[in-house]
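In listed order, ligands and their atoms are each counted from 1.
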Amino acid sequence: MKGLFLTFEGPEGSGKTTQAQRLIEKLEQRGIRTLYSREPGGTPTGEAIRAILQYDRAGESIEPEAETLLFAASRAQLVRRIIRPALARGIWVICDRYADSTTAYQGFGRGLPVGQINAIHHFTIGDTIPDRTFLLDLDVATGFARLVARHSGGGSPPDRMEREEWAFHERVRVGYLELARAEPERFRVIDAGAEADVVAARIWENLSDVLP
Ligand code: Z5A
């Protein structure tokens with residue numbers, strides 16, 4: 001039997017990684033085999049692309065179109081090397097960001113045409129579309145406050161996206177909500193401003209219809 005493909009989306013600091021890990025624990029306790037992956041990254045090539053995207057070490061500002069294609073290149077590798085083979089073996093794949101991130105950040109955030117981004121998705125992921133996407137919705141101020149707390153606790157320095165202006169992050173949030181409205185069957189919008197335990201419980205409730 002094919003595994004289920006679940007993705008976490010949302011702005012920075014919304015708790016995607018935290019919730020993906022919690023969900024994996026619960027699924028494993030239930031005897032479901034899982035695989036965690038993140039974007040950009042998840043393969044050696046994808047991780048190399050991630051390094052370029054995060055800190056632009058070449059020191060040349062990356063054009064939005066080039067940025068979009070780098071995210072897509074990382075995803076094309078991840079889909080073929082990791083996601084499809086795992087799903088075919090019955091493993092549930094939990095991905096921390098996926099194609100919706102490109103639509104939200106490069107489409108709504110950067111202002112690239114969403115129709116063209118959809119064409120790139122078609123080429124990159126084909127029919128490997130998530131069975132369910134949890135959109136962890138959070139206001140920009142709370143997300144920033146969480147990241148500031150994490151950076152001041154000695155985490156990695158703010159990356160390129162985190163340094164973007166406030167309005168950019170507002171557009172990303174609006175974009176995500178628009179995507180969720182357009183595909184209510186796939187998306188579940190979860191208020192990520194609540195305590196982590198509460199958020200985890202809501203995610204679990206929103207999976208009950210597909211749990212074996
Ligand atoms: N990007 C793009 O532009 N286009 C694309 O196609 C793709 C990505 C795929 C990837 O960065 C960047 O690339 C990202 C989008 C862009 N831009 N940014 N910035 P990343 O992978 O390094 O970072 P991220 O995906 O944004 O994740 P994050 O910032 O690490 O946040 P998170 O995974 O959503 O949250 P977390 O790590 O679970 O939690 C963050 C902090 O909040 C941490 O200290 C937690 O302990 C705390 N936390 C978590 N949940 C709670 C609750 N409920 N209450 C209070 N505190 C909490």
Would you kindly specify which portion of Leu147 sits under 4.0 Å from ligand 1, judged on non-hydrogen atoms: side chain, backbone, both or neither? side chain

Identified side chain to side chain contact (heavy atoms under 4.5 Å, CB included) partner of Ile24 from the options Ile94, Leu35, Leu6, Ile32: Ile94

Would Trp92 and Phe5 count as a ring pair (Phe, Tyr, Trp, His ring centres under 6.0 Å) here? Give the steps. CA-CA 6 Å; Trp92 286 34; Phe5 182 23; over 10 Å; no

Any side-chain donor-acceptor pair under 3.5 Å between Asp100 and Tyr176? no

Look at atom 41 (C) of ligand 1 and find which of Arg146, Glu164, His169 reaches it with the closest heavy atom. Arg146

Where on Glu9 is there a heavy atom closer than 4.0 Å to ligand 1, on the side chain, on the backbone, on both, or on neither? neither

Look only at interatomic distance and state if Lys16 has a nitrogen or oxygen under 3.5 Å from any nitrogen or oxygen of ligand 1. yes

Quick check on contacts: which atoms of ligand 1 are under 4.0 angstrom from a heavy atom of Glu12? 14 (C), 17 (N), 18 (N), 19 (N), 26 (O), 29 (O)

Go through it in stages, so that I can follow the logic: the residues are His169 and Phe144, the test is side-chain contact (heavy atoms from CB on, under 4.5 Å), and I'd like the CA-CA distance, side-chain angles, deciding distance and then a yes or no. CA-CA 10 Å; His169 292 283; Phe144 271 19; 3.5 Å; yes

Quick one: does ligand 1 sit under 4.0 Å from the side chain of Arg97, the backbone, both or neither, non-hydrogen atoms only? side chain

Where do Ser37 and Leu78 come nearest, in terms of heavy atoms and distance? OG-CD1, 3.2 Å

Residue-level breakdown please: for Ser74 versus ligand 1, do any non-hydrogen atoms fall below 4.0 Å on the side chain, on the backbone, on both, or on neither? neither

Quick one: does ligand 1 sit under 4.0 Å from the side chain of Gln54, the backbone, both or neither, non-hydrogen atoms only? side chain

Indicate yes or no: does an N/O atom of Ser14 lie under 3.5 Å from an N/O atom of ligand 1? yes

Quick check: does Tyr98 get an N/O under 3.5 Å from an N/O on ligand 1? no

Do Ser101 and Glu9 have side-chain N/O donor and acceptor atoms under 3.5 Å apart? yes

With heavy atoms and a 4.0 Å threshold, my read on which part of Gln19 contacts ligand 1 is neither

Glu65 vs Leu112, side-chain contact (heavy atoms from CB on, under 4.5 Å): CA-CA, chis, key distance, verdict: CA-CA 8 Å; Glu65 291 80 358; Leu112 293 182; 3.7 Å; yes

Under 3.5 Å, N or O to N or O, is Gly13 touching ligand 1 that way? yes

Return a yes/no value: protein heavy atom under 4.0 Å from atom 23 (O) of ligand 1? no

Taking atom 19 (N) of ligand 1 as the reference point, report whether a protein heavy atom occurs under 4.0 Å from it. yes

Test your reading of the structure: does Gln106 have an N or O sitting under 3.5 Å from an N or O of ligand 1? yes

Which option wins on minimum heavy-atom distance to atom 6 (O) of ligand 1: Thr102, Asp191, Thr17? Thr102

Pick whichever of Thr18, Val198, Thr142 has a heavy atom sitting closest to atom 49 (C) of ligand 1. Thr18

Angle class for the Phe168/Tyr105 ring planes (parallel below 30°, perpendicular above 60°, tilted otherwise)? tilted

Under 6.0 Å from the CZ atom of Arg81, do we count more than 12 heavy atoms belonging to anything else shown? no

Residue portion contacting ligand 1 (non-hydrogen atoms closer than 4.0 Å) for Arg75: side chain

Yes or no: does Ala104 have any heavy atom under 4.0 Å from an atom of ligand 1? no

Does ligand 1 come near enough to Phe71 that some N or O of the ligand is less than 3.5 Å from an N or O of the residue? no

Those atoms of ligand 1 less than 4.0 Å from some heavy atom in Glu195: 53 (N)

Could you go through Val189 and Leu177, starting from their C-alpha distance and side-chain angles, then the distance that decides it, and tell me whether this counts as side-chain contact (heavy atoms from CB on, under 4.5 Å)? CA-CA 8 Å; Val189 181; Leu177 290 169; 4.1 Å; yes

Does the side chain of Thr128 come under 3.5 Å of the side chain of Arg84 through a donor N or O and an acceptor N or O? yes

Steps toward side-chain contact (heavy atoms from CB on, under 4.5 Å) verdict (Arg132, Leu4): CA-CA 8 Å; Arg132 188 144 302 170; Leu4 236 65; over 6 Å; no

Which atoms form the tightest heavy-atom contact between Leu136 and Ser14, and what is the distance? O-CB, 3.4 Å

Is there a polar contact between ligand 1 and Val199, counting only N or O atoms under 3.5 Å apart? no

